[in-house]
2 protein chains.
Amino acid sequence: MSTAHSLATEELGSTAQRERRKRILDATIDLASQGGFDAVQMRAVADQAEVALGTLYRYFPSKIHLLVSALGREFEKTETALRERQLTGQTPAERVIEVLKLTSRGLQGDPHLTEALTRAFMFADSSVQTEINQVGMFMTSMVTRAMHPGRTEFDDQDVAIARVIGDVWLSALMGWVTGRSTAAETGQQIEVAVRLLLRD
Amino acid sequence: MSTAHSLATEELGSTAQRERRKRILDATIDLASQGGFDAVQMRAVADQAEVALGTLYRYFPSKIHLLVSALGREFEKTETALRERQLTGQTPAERVIEVLKLTSRGLQGDPHLTEALTRAFMFADSSVQTEINQVGMFMTSMVTRAMHPGRTEFDDQDVAIARVIGDVWLSALMGWVTGRSTAAETGQQIEVAVRLLLRD
DNA sequence: TCCATAATAGGAACACGTTTCACTTCTTCG
DNA sequence: CGAAGAAGTGAAACGTGTTCCTATTATGGA
């Protein structure tokens, strides 16, 4: 239970274990990408990753843990990619919107995957706290760094704003994955919130 | 499928049907209140409401529909109660915070119920759109009326702000029901967002 | 190298949401 | 009233997440 479920930290364990873990997460992403949350069936993941069902459960104690861990891995990739990108917006608001649009576009480019990962995130309880916090920190970090490029320390107000933006982002994403709003509406919703929050 | 799942509107149907519907929702609230989302088992609801499982599914096509409908009924009660209450806050921000605190306190007084209803809300897809929209409208209405007591028409900016507040509220509530944050943190989070959004 | 231990495979079994179906009871309307 | 159709009953059955168990295989230290 201890190390196997942590997220972005370096894993302990043998090479074989790291490879199994990777195969499992790859299979998860693949299935999610094809058919969303419902298509990520534990038996199917185990088959595709070529591990036994029991082994899958040893690595990830539930479907939710599995999906949130996969989400963490994807988010980490996104954040790394963003780090290398030069933002063009002239104001904090514009840069934040830029980052969120880039991220959203990435997600909306793979609706099934996004649906699966978001659903898992929303359903996760406190037993998934570690993984959830990782994702939350990626989010906050992305937003604050867009607000003040180059800076590495941020005051409470900035972090508070970033959190609120994260909340709106999650709610909007939820509306989108559940089919209650379109991609355009989602973008609009986030943009409105950011402009309200960063209107100095 | 047509009328049986609508929410706050007056129901068609015979007296017997209205009573069955009420018994079902009562049983749902009761079970949710005792043991949360997991305790609302369709067989248990059917038993306690004294209807057959098939009948339950005739009235509510899924557990999610059932719970979101129950949420709607509870929300309607809350909104009615709030209408009669005189708000004491001197500014829009203070009144909105007052309303949200009252509402949250009501919810947090029954954690299991809140967990069940929030989970259902977050998991609902577009087939539950009608019920979801009802709840969203109650929320927006409560916030805008707290911003401008007495007024009945609200401009786009106000509605946009109310929506953002609703998003934050939902995210914060999600954090709370999933055990990721405490009641105090949840209140804090909402208060920060409201002050940021209504700081004129 | 060999043994103790941990990890994995393979698969049965269970829980609960959901579907289905044959039968019975109620409602409505001519 | 009496028949046709709608609504309800009761129970079986299915799908998928989760648990459990035994036999087999890999690993790491003496």
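Residue numbers start from 1 in every chain, and the chains themselves are labelled A, B, ... in the order their sequence lines are given, proteins ahead of strands. The model shown is predicted, which means the values in this text are computed figures rather than measured ones.
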message = Suppose we screen for ring-ring contact (aromatic ring centres under 6.0 Å, His included). Which residues come up paired with B:F123, at least two apart in sequence or across chains?
response = A:F37, A:F123
inquiry  = Going by side-chain hydrogen bond (donor to acceptor under 3.5 Å, both in side chains), name the residues that satisfy it together with B:R105, two or more places apart in sequence or in a different chain.
reply    = none
task = With sequence neighbours excluded, tell me which residues meet side-chain hydrogen bond (donor to acceptor under 3.5 Å, both in side chains) with B:R83.
result = B:E79
Results of salt bridge (Lys or Arg N to Asp or Glu O under 4.0 Å) for [X] - residues two or more places apart only:
X	value
A:R43	none
A:R95	none
A:E98	none
B:R163	none

In whole angstrom, what separates [X]'s [atom1] from [N]'s [atom2]?
X	N	atom1	atom2	result
B:K63	C:dC16	NZ	P	9 Å
B:L67	C:dT18	CG	C1'	15 Å
B:I64	C:dC16	CD1	P	16 Å

message = What residues from residues 24-51 of chain A pass a heavy-atom cutoff of under 4.0 Å to DNA chain D?
response = A:V40, A:Q41, A:M42, A:R43
Expected rows: protein N/O vs nucleotides 3-7 of chain C N/O, under 3.5 Å:
unit_1 : atom_1 : unit_2 : atom_2 : d
C:dA7  : OP2    : A:R58  : NH1    : 3.4

task = Compare every heavy atom of A:A124 with every heavy atom of B:T178, then report the nearest pair and how far apart it is.
result = CG2-O, 2.9 Å
Bounds of contact between DNA chain D and chain A, in 5' to 3' order, using a heavy-atom cut-off under 4.0 Å = D:dT16 to D:dT19
remark   = The answer to which of B:L56 and A:S62 contacts DNA chain D further toward the 5' end, by nearest nucleotide, is B:L56
Name every donor-acceptor pair, under 3.5 Å, that has one atom in a side chain of residues 45-54 of chain B and the other anywhere in the protein, sequence neighbours excluded.
unit_1 : atom_1 : unit_2 : atom_2 : d
B:Q48  : NE2    : B:D30  : OD2    : 2.6

message = Are A:W169 and B:D167 packed together at the side-chain level, in the sense that at least one heavy-atom pair is separated by less than 4.5 angstrom?
response = no
remark   = On DNA chain C, more 5' by nearest nucleotide between A:L53 and B:A16 is A:L53
note = Joining Ile, Leu, Val, Met, Phe, Trp and Tyr whenever any side-chain heavy atoms lie under 4.5 Å apart, the cluster holding A:M137 also takes in none
